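Bear in mind the structure is a predicted one, so any value in this text is a computation, not a measurement. Atoms considered below: every heavy atom in the structure, side chains included; atoms not considered: hydrogens, waters and symmetry mates.
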Amino acid sequence: ATRNKLVSALGDRMPRLLGDMGYEGVESIYLADRVRARAMDSEGLALDYFKFYNVSWNRPQAFFSSYTDIGDDVLVACQDTRFYWQSIAQFYLDLTGDSDGTDVVSGKRVFKCEGGASGR
C-alpha cells in the first residue's frame, strides 16, 4: 500500500531499481579526525557511535556547525524545492501524523520552511 501511494504521488519521478553496482557496501557517517578527537578529548564523546548523539545525555551539537552558518547565497528558496511538492507533504502527513511539520499555503499542503516559501 505504501509503495502504491509513492508511485501515485511521484509518477514518473519514482526512483527505479536498476540493479546493484557489483559490490557490497555499508552506510556510514564521515567525521573529520579533528572533530572526532576534539569531542573525545573534551567531553569523552565517541561520535563514532549513534548513542552518543542523544542530546538528552550529551552535547554533540557543540562539535558541528549550525545550519544557520550556511549562507543564503548557496541555498535555494524553499518554494523551488520538493518541500513544496504537495503530494509528498500530504503523503508525509498521512504516514506520520506530524501536522507541525507541514503548512497549508494557497490551499496546498507543503512542508514548513523557516522563513516561509521564500525562506531557505
(request) Kindly indicate whether the side chain of I88, heavy atoms from C-beta on, has any atom under 4.5 Å from the side chain of F111. (result) yes
(message) So, taking the atom named CZ in F52 and the one named CZ in F63, what distance separates them when rounded to the nearest 0.5 Å?
(response) 12.0 Å
(request) Report yes or no: does D103 contribute a side-chain atom to a donor-acceptor pair with the main-chain N or O of V105 at less than 3.5 Å? (result) no
(message) Just to verify, what does S87 make a side-chain hydrogen bond (donor to acceptor under 3.5 Å, both in side chains) with, not counting sequence neighbours?
(response) none
(request) Give the minimum heavy-atom separation between K51 and N58, together with the two atoms involved. (result) O-ND2, 4.1 Å
Only distances under 3.5 Å count here; give the side-chain donor-acceptor pairs of residues 34-49 to other protein atoms, sequence neighbours excluded, each with its distance to 0.1 Å.
unit_1 : atom_1 : unit_2 : atom_2 : d
R36    : NH2    : D33    : OD1    : 2.4
S42    : OG     : R38    : O      : 2.7
E43    : OE2    : R59    : NH2    : 2.9

(message) Suppose we screen for side chain to side chain contact (heavy atoms under 4.5 Å, CB included). Which residues come up paired with V74, at least two apart in sequence or across chains?
(response) I70
Give every donor-acceptor pair under 3.5 Å between a side-chain atom in residues 7-20 and any protein atom, sequence neighbours left out.
unit_1 : atom_1 : unit_2 : atom_2 : d
S8     : OG     : N4     : O      : 3.3
S8     : OG     : K5     : O      : 3.0
D20    : OD1    : G22    : N      : 2.9

Enumerate, atom names and distances included, each donor-acceptor pair closer than 3.5 Å involving a side-chain atom of residues 90-97, sequence neighbours excluded.
unit_1 : atom_1 : unit_2 : atom_2 : d
Q90    : NE2    : D94    : OD1    : 2.9
Y92    : OH     : D98    : OD2    : 2.5
T96    : OG1    : Y92    : O      : 2.9
T96    : OG1    : D98    : N      : 3.1

(message) Taking transitive links into account, so neighbours of neighbours count too, which hydrophobic residues share a cluster with W57 at under 4.5 Å side-chain distance?
(response) none
(message) Can you list everything that forms a side chain to side chain contact (heavy atoms under 4.5 Å, CB included) with S66? Sequence neighbours excluded, please.
(response) T68, D69
